[in-house]
Asker: 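Here it is, the structure in full.
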Amino acid sequence: MTSPDVLVRVATARGVTTLTLDSPHNRNALSTALMTQLLAGLGDAIADETVRAIVLDHTGPVFCSGADLKETAAAYASGTVPAGMLGDVLAAIWECPKPVLARVGGPARAGGLGLIAAADLAVCADEATFAFTEVRIGVIPAVISATVLPRLHPRAAAELYLTGDTFDGRRAAQVGLVTASVPAAELDAAVRGYCDSLVRGAPGALAGAKELLRRPGTAELRADLARLSALSTSYFLSDEGREGVTAFRGKRLTRWVAALDGGSADHAG
(Lines give C-alpha, C1' and ligand atoms only; values in the text may rest on other atoms or scores of the structure.)
Protein backbone atom coordinates (compact mmCIF):
# COMPACT_ATOMS: atom_id res chain seq x y z
CA MET A 1 0.00 0.00 0.00
CA THR A 2 1.37 3.43 -0.99
CA SER A 3 1.97 5.88 1.86
CA PRO A 4 -0.28 8.96 1.69
CA ASP A 5 2.92 11.01 2.02
CA VAL A 6 4.21 9.67 -1.31
CA LEU A 7 3.17 12.21 -3.93
CA VAL A 8 5.48 10.99 -6.71
CA ARG A 9 5.61 7.26 -7.34
CA VAL A 10 8.68 5.78 -9.04
CA ALA A 11 8.84 2.62 -11.17
CA THR A 12 11.59 1.39 -13.49
CA ALA A 13 11.28 -1.24 -16.21
CA ARG A 14 13.25 -1.99 -19.38
CA GLY A 15 15.42 1.09 -19.09
CA VAL A 16 12.58 3.55 -18.46
CA THR A 17 11.84 5.22 -15.12
CA THR A 18 8.28 6.48 -14.75
CA LEU A 19 7.70 9.30 -12.28
CA THR A 20 3.98 9.44 -11.55
CA LEU A 21 2.44 12.52 -9.97
CA ASP A 22 0.16 10.95 -7.35
CA SER A 23 -1.70 13.75 -5.59
CA PRO A 24 -5.16 13.46 -7.16
CA HIS A 25 -6.90 15.06 -4.17
CA ASN A 26 -5.62 18.46 -5.34
CA ARG A 27 -5.32 17.60 -9.04
CA ASN A 28 -1.58 17.00 -8.79
CA ALA A 29 -0.95 20.61 -7.83
CA LEU A 30 2.67 21.72 -7.56
CA SER A 31 3.04 21.76 -3.79
CA THR A 32 6.44 22.05 -2.17
CA ALA A 33 6.25 18.39 -1.10
CA LEU A 34 5.38 17.16 -4.59
CA MET A 35 8.11 19.24 -6.24
CA THR A 36 10.67 18.05 -3.67
CA GLN A 37 9.81 14.42 -4.39
CA LEU A 38 9.84 15.01 -8.14
CA LEU A 39 13.33 16.49 -7.92
CA ALA A 40 14.49 13.51 -5.86
CA GLY A 41 13.01 11.06 -8.35
CA LEU A 42 14.71 12.83 -11.25
CA GLY A 43 18.02 12.79 -9.41
CA ASP A 44 17.80 9.07 -8.72
CA ALA A 45 16.86 8.29 -12.32
CA ILE A 46 19.76 10.34 -13.63
CA ALA A 47 22.18 8.55 -11.30
CA ASP A 48 20.92 5.07 -12.27
CA GLU A 49 23.04 3.85 -15.19
CA THR A 50 20.37 1.34 -16.21
CA VAL A 51 17.87 4.13 -16.90
CA ARG A 52 17.83 5.41 -20.49
CA ALA A 53 14.66 7.52 -20.47
CA ILE A 54 12.22 9.10 -18.02
CA VAL A 55 8.44 9.39 -18.31
CA LEU A 56 6.37 11.95 -16.39
CA ASP A 57 2.94 10.44 -15.75
CA HIS A 58 -0.01 11.11 -13.46
CA THR A 59 -2.78 9.45 -11.51
CA GLY A 60 -6.33 10.76 -11.58
CA PRO A 61 -8.01 12.61 -14.43
CA VAL A 62 -5.79 15.73 -14.23
CA PHE A 63 -2.14 15.83 -15.29
CA CYS A 64 -1.30 18.92 -13.21
CA SER A 65 -3.41 21.89 -12.12
CA GLY A 66 -0.45 24.22 -11.60
CA ALA A 67 0.57 25.95 -8.38
CA ASP A 68 -0.91 24.70 -5.12
CA LEU A 69 -3.05 27.75 -4.36
CA LYS A 70 -4.03 26.51 -0.89
CA GLU A 71 -0.35 26.35 0.05
CA THR A 72 0.22 29.69 -1.69
CA ALA A 73 -2.51 31.42 0.33
CA ALA A 74 -1.13 29.99 3.56
CA ALA A 75 2.36 31.19 2.69
CA TYR A 76 1.41 34.85 2.13
CA ALA A 77 2.22 35.76 5.72
CA SER A 78 5.82 34.67 5.20
CA GLY A 79 6.28 36.96 2.20
CA THR A 80 7.15 34.15 -0.18
CA VAL A 81 5.26 31.57 -2.26
CA PRO A 82 5.97 27.95 -3.25
CA ALA A 83 5.86 28.84 -6.95
CA GLY A 84 9.44 30.05 -6.57
CA MET A 85 10.61 26.43 -6.34
CA LEU A 86 9.16 25.60 -9.74
CA GLY A 87 12.24 27.02 -11.46
CA ASP A 88 14.41 24.31 -9.90
CA VAL A 89 12.05 21.62 -11.17
CA LEU A 90 11.90 23.00 -14.71
CA ALA A 91 15.68 23.38 -14.84
CA ALA A 92 16.17 19.80 -13.64
CA ILE A 93 13.90 18.44 -16.36
CA TRP A 94 15.33 20.70 -19.08
CA GLU A 95 18.94 19.91 -18.18
CA CYS A 96 18.39 16.19 -17.55
CA PRO A 97 20.97 14.25 -19.62
CA LYS A 98 18.38 11.55 -20.30
CA PRO A 99 15.35 12.03 -22.54
CA VAL A 100 12.20 13.02 -20.66
CA LEU A 101 8.74 12.30 -22.06
CA ALA A 102 5.52 13.68 -20.60
CA ARG A 103 2.42 11.47 -20.80
CA VAL A 104 -0.58 13.79 -20.55
CA GLY A 105 -3.88 11.98 -20.19
CA GLY A 106 -5.91 14.88 -18.84
CA PRO A 107 -6.04 18.63 -18.21
CA ALA A 108 -2.97 20.73 -17.47
CA ARG A 109 -3.02 24.31 -16.29
CA ALA A 110 -0.46 27.04 -15.66
CA GLY A 111 2.64 25.48 -14.04
CA GLY A 112 1.66 22.07 -15.35
CA LEU A 113 2.29 23.38 -18.85
CA GLY A 114 5.79 24.32 -17.76
CA LEU A 115 6.48 20.67 -16.90
CA ILE A 116 5.17 19.55 -20.28
CA ALA A 117 7.27 22.10 -22.15
CA ALA A 118 10.40 21.25 -20.16
CA ALA A 119 10.17 17.62 -21.28
CA ASP A 120 11.92 16.69 -24.53
CA LEU A 121 8.83 14.92 -25.83
CA ALA A 122 5.19 15.16 -24.80
CA VAL A 123 2.24 13.05 -25.90
CA CYS A 124 -1.29 13.98 -24.90
CA ALA A 125 -4.79 12.68 -25.38
CA ASP A 126 -6.86 14.61 -27.92
CA GLU A 127 -9.38 15.23 -25.14
CA ALA A 128 -6.84 16.76 -22.76
CA THR A 129 -7.28 20.47 -22.19
CA PHE A 130 -4.76 23.19 -21.50
CA ALA A 131 -4.81 26.83 -20.42
CA PHE A 132 -2.43 29.53 -19.26
CA THR A 133 -4.83 30.77 -16.59
CA GLU A 134 -2.41 33.01 -14.69
CA VAL A 135 -3.73 36.40 -15.84
CA ARG A 136 -7.20 35.46 -14.66
CA ILE A 137 -6.00 35.27 -11.06
CA GLY A 138 -3.82 38.37 -11.23
CA VAL A 139 -0.42 36.78 -11.89
CA ILE A 140 1.64 36.00 -15.01
CA PRO A 141 3.15 32.81 -16.49
CA ALA A 142 6.62 34.00 -15.59
CA VAL A 143 8.64 30.96 -14.49
CA ILE A 144 7.19 28.59 -17.08
CA SER A 145 8.04 31.02 -19.89
CA ALA A 146 11.63 29.77 -19.75
CA THR A 147 10.49 26.41 -21.11
CA VAL A 148 7.17 27.25 -22.77
CA LEU A 149 8.16 30.12 -25.07
CA PRO A 150 10.90 28.14 -26.88
CA ARG A 151 8.18 25.61 -27.79
CA LEU A 152 5.20 27.80 -28.70
CA HIS A 153 4.68 29.62 -31.96
CA PRO A 154 4.86 33.37 -31.11
CA ARG A 155 1.35 34.30 -32.28
CA ALA A 156 -0.15 31.37 -30.38
CA ALA A 157 1.84 32.34 -27.29
CA ALA A 158 0.43 35.87 -27.38
CA GLU A 159 -3.13 34.61 -27.81
CA LEU A 160 -2.98 31.93 -25.13
CA TYR A 161 -1.02 33.96 -22.55
CA LEU A 162 -3.29 37.01 -22.83
CA THR A 163 -6.70 35.35 -23.08
CA GLY A 164 -6.22 32.44 -20.68
CA ASP A 165 -8.57 30.49 -22.94
CA THR A 166 -8.75 26.70 -22.90
CA PHE A 167 -7.48 24.66 -25.87
CA ASP A 168 -7.44 20.95 -26.62
CA GLY A 169 -4.75 18.39 -27.40
CA ARG A 170 -4.90 18.86 -31.15
CA ARG A 171 -4.30 22.60 -30.79
CA ALA A 172 -1.51 21.90 -28.31
CA ALA A 173 0.25 19.85 -31.00
CA GLN A 174 -0.38 22.49 -33.67
CA VAL A 175 1.21 25.28 -31.61
CA GLY A 176 4.19 23.20 -30.46
CA LEU A 177 3.35 22.62 -26.80
CA VAL A 178 3.25 18.84 -27.29
CA THR A 179 4.94 16.48 -29.73
CA ALA A 180 1.80 14.56 -30.62
CA SER A 181 -1.88 14.34 -29.72
CA VAL A 182 -3.66 11.00 -30.07
CA PRO A 183 -7.04 9.50 -29.11
CA ALA A 184 -7.08 8.59 -25.42
CA ALA A 185 -7.29 4.87 -26.22
CA GLU A 186 -4.00 5.15 -28.13
CA LEU A 187 -2.06 7.23 -25.58
CA ASP A 188 -0.24 4.40 -23.82
CA ALA A 189 0.73 2.76 -27.11
CA ALA A 190 2.13 6.07 -28.37
CA VAL A 191 4.17 6.53 -25.19
CA ARG A 192 5.51 2.96 -25.44
CA GLY A 193 6.46 3.55 -29.05
CA TYR A 194 8.52 6.60 -28.18
CA CYS A 195 10.14 4.83 -25.22
CA ASP A 196 11.05 1.83 -27.39
CA SER A 197 12.82 4.23 -29.75
CA LEU A 198 14.54 6.21 -27.00
CA VAL A 199 16.10 3.20 -25.26
CA ARG A 200 17.77 2.19 -28.53
CA GLY A 201 19.97 5.27 -28.35
CA ALA A 202 23.43 5.07 -26.81
CA PRO A 203 23.36 6.82 -23.41
CA GLY A 204 26.28 9.12 -24.20
CA ALA A 205 24.90 9.96 -27.63
CA LEU A 206 21.46 10.75 -26.20
CA ALA A 207 23.03 13.13 -23.68
CA GLY A 208 25.11 14.70 -26.43
CA ALA A 209 22.09 15.11 -28.70
CA LYS A 210 20.25 16.84 -25.87
CA GLU A 211 23.19 19.23 -25.47
CA LEU A 212 22.87 20.14 -29.15
CA LEU A 213 19.13 20.70 -28.84
CA ARG A 214 19.39 23.06 -25.91
CA ARG A 215 22.65 24.76 -26.90
CA PRO A 216 21.06 28.13 -27.82
CA GLY A 217 20.58 29.89 -24.52
CA THR A 218 21.46 26.93 -22.30
CA ALA A 219 23.96 28.91 -20.26
CA GLU A 220 21.28 31.52 -19.59
CA LEU A 221 18.50 29.16 -18.47
CA ARG A 222 19.16 29.06 -14.73
CA ALA A 223 19.81 32.80 -14.56
CA ASP A 224 16.62 33.37 -16.55
CA LEU A 225 14.66 31.08 -14.24
CA ALA A 226 15.98 32.90 -11.17
CA ARG A 227 14.85 36.24 -12.62
CA LEU A 228 11.46 34.84 -13.65
CA SER A 229 10.95 33.19 -10.26
CA ALA A 230 11.45 36.55 -8.55
CA LEU A 231 9.04 38.15 -11.03
CA SER A 232 6.44 35.42 -10.42
CA THR A 233 6.71 35.85 -6.67
CA SER A 234 6.19 39.61 -6.98
CA TYR A 235 2.92 39.03 -8.86
CA PHE A 236 1.66 36.42 -6.40
CA LEU A 237 2.36 38.86 -3.56
CA SER A 238 0.73 41.81 -5.34
CA ASP A 239 -2.78 43.02 -4.46
CA GLU A 240 -4.14 41.50 -7.68
CA GLY A 241 -2.40 38.21 -7.06
CA ARG A 242 -3.71 37.94 -3.51
CA GLU A 243 -7.21 38.83 -4.68
CA GLY A 244 -7.05 36.30 -7.53
CA VAL A 245 -5.88 33.43 -5.34
CA THR A 246 -8.47 34.25 -2.67
CA ALA A 247 -11.28 34.52 -5.23
CA PHE A 248 -10.33 31.28 -6.93
CA ARG A 249 -10.24 29.38 -3.66
CA GLY A 250 -13.54 30.98 -2.58
CA LYS A 251 -15.18 30.17 -5.95
CA ARG A 252 -16.20 33.76 -6.52
CA LEU A 253 -15.54 36.33 -9.21
CA THR A 254 -12.47 38.50 -8.89
CA ARG A 255 -13.07 42.19 -8.28
CA TRP A 256 -11.98 43.10 -11.81
CA VAL A 257 -14.48 40.70 -13.41
CA ALA A 258 -17.32 41.63 -11.07
CA ALA A 259 -16.73 45.32 -11.85
CA LEU A 260 -17.52 44.77 -15.54
CA ASP A 261 -21.24 44.55 -14.91
CA GLY A 262 -21.39 46.26 -11.55
CA GLY A 263 -21.92 42.93 -9.83
CA SER A 264 -20.59 41.78 -6.54
CA ALA A 265 -17.30 39.87 -6.35
CA ASP A 266 -18.83 37.76 -3.59
CA HIS A 267 -20.90 35.46 -5.80
CA ALA A 268 -19.47 32.30 -7.31
CA GLY A 269 -18.24 32.35 -10.88
Side-chain angles (χ1 to χ4, degrees), residues 1-12 16-48 51 53-60 62-104 106 108-120 122 134 139 141-148 221-233 235-237 245 249:
M1 183 175 177
T2 302
S3 165
D5 295 329
V6 176
L7 303 179
V8 178
R9 293 192 286 109
V10 182
T12 300
V16 178
T17 286
T18 300
L19 303 176
T20 302
L21 307 184
D22 190 17
S23 185
H25 72 281
N26 65 358
R27 301 177 297 171
N28 294 318
L30 295 168
S31 64
T32 299
L34 184 145
M35 289 190 287
T36 299
Q37 292 180 28
L38 183 54
L39 283 169
L42 282 167
D44 290 344
I46 291 169
D48 188 340
V51 174
I54 299 168
V55 173
L56 297 181
D57 200 352
H58 63 101
T59 61
V62 177
F63 175 76
C64 178
S65 59
D68 186 333
L69 295 184
K70 180 178 180 181
E71 186 180 37
T72 297
Y76 275 144
S78 69
T80 186
V81 290
M85 186 180 181
L86 180 57
D88 293 332
V89 175
L90 298 185
I93 297 171
W94 187 271
E95 295 174 350
C96 177
K98 301 178 181 184
V100 180
L101 185 155
R103 176 198 175 279
V104 185
R109 298 291 185 268
L113 279 69
L115 297 182
I116 294 168
D120 302 289
E134 286 88 346
V139 297
V143 180
I144 65 172
S145 289
T147 58
V148 167
L221 179 72
R222 283 194 175 267
D224 196 30
L225 280 166
R227 180 182 64 82
L228 292 172
S229 293
L231 182 62
S232 176
T233 297
Y235 272 84
F236 270 105
L237 294 175
V245 169
R249 294 196 61 231

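The chain is numbered in sequence order, starting from 1.
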Asker: Between I144 and E134, is the side chain to side chain contact (heavy atoms under 4.5 Å, CB included) condition met? List the steps.
Answerer: CA-CA 11 Å; I144 65 172; E134 286 88 346; 3.6 Å; yes
Asker: Could you report the tightest heavy-atom contact between L115 and C64, atom names first, then the distance?
Answerer: CD1-SG, 4.4 Å
Asker: Which atoms form the tightest heavy-atom contact between G114 and T147, and what is the distance?
Answerer: O-OG1, 3.2 Å
Asker: Determine whether V16 and L101 make a side-chain contact, defined as any pair of heavy atoms from C-beta on separated by less than 4.5 Å.
Answerer: no
Asker: Using side-chain heavy atoms (C-beta onward) and a distance below 4.5 Å, is D22 in contact with V6?
Answerer: no
Asker: Would you give the length of the straight line joining atom NE2 of H58 to atom OG1 of T20, rounded to the nearest 0.5 angstrom?
Answerer: 9.0 Å
Asker: Please find the pair of heavy atoms, one from A73 and one from R249, that lie closest to each other, and give the distance.
Answerer: CB-NH1, 3.9 Å
Asker: I need the T32 OG1 to L86 CG distance, nearest 0.5 Å.
Answerer: 11.0 Å
Asker: Below 4.5 Å, heavy atoms only, C-beta onward: do R103 and T18 meet side chain to side chain?
Answerer: no
Asker: Which value, rounded to the nearest 0.5 Å, describes the distance between L30 atom CG and L69 atom CG?
Answerer: 10.0 Å
Asker: Does the side chain of V10 reach to within under 4.5 Å of the side chain of L19, using non-hydrogen atoms?
Answerer: yes
Asker: Using a 4.5 Å cut-off on heavy atoms from C-beta on, say whether the side chain of P141 contacts that of V148.
Answerer: no
Asker: How far does OG1 of T233 sit from CG of L228, to the nearest 0.5 angstrom?
Answerer: 10.5 Å
Asker: Does atom CZ of R109 have more than 12 heavy-atom neighbours, drawn from other residues, nucleotides or ligands, at distances under 6.0 Å?
Answerer: yes
Asker: Give, for atom CG of L42 and atom CD1 of I93, the distance between the pair rounded to the nearest 0.5 Å.
Answerer: 5.5 Å
Asker: For a quick test of reading the model, state the closest non-hydrogen atom pair linking A67 to F236 and the distance between them.
Answerer: CB-CZ, 4.4 Å
Asker: Between Q37 and D5 (side chain of the first, backbone of the second, donor and acceptor by atom type, cut-off under 3.5 Å), is there such a pair?
Answerer: yes
Asker: Rounded at 0.5 Å granularity, tell me how far CG in L34 sits from CG in N26.
Answerer: 8.0 Å
Asker: Report yes if the side chains of C96 and I46 come closer than 4.5 Å at any heavy-atom pair, otherwise no.
Answerer: yes
Asker: Do you know which two heavy atoms are closest between E71 and S31, and how far apart they sit?
Answerer: OE1-CA, 3.3 Å
Asker: Is S65 reaching over with its side chain to a backbone N or O of R27, donor-acceptor style, under 3.5 angstrom?
Answerer: yes
Asker: Within the structure provided, determine whether T36 and M85 are in side-chain contact (heavy-atom separation under 4.5 Å).
Answerer: yes
Asker: Which heavy atom in F63 sits nearest to a heavy atom in A108, and how many Å separate them?
Answerer: CD2-CB, 4.0 Å
Asker: Is it the case that the side chain of N28 and the backbone of S23 share a donor-acceptor pair, with hydrogens and angles ignored and the cut-off at 3.5 Å?
Answerer: yes
Asker: Is the shortest side-chain heavy-atom distance between V139 and V245 below 4.5 Å?
Answerer: no
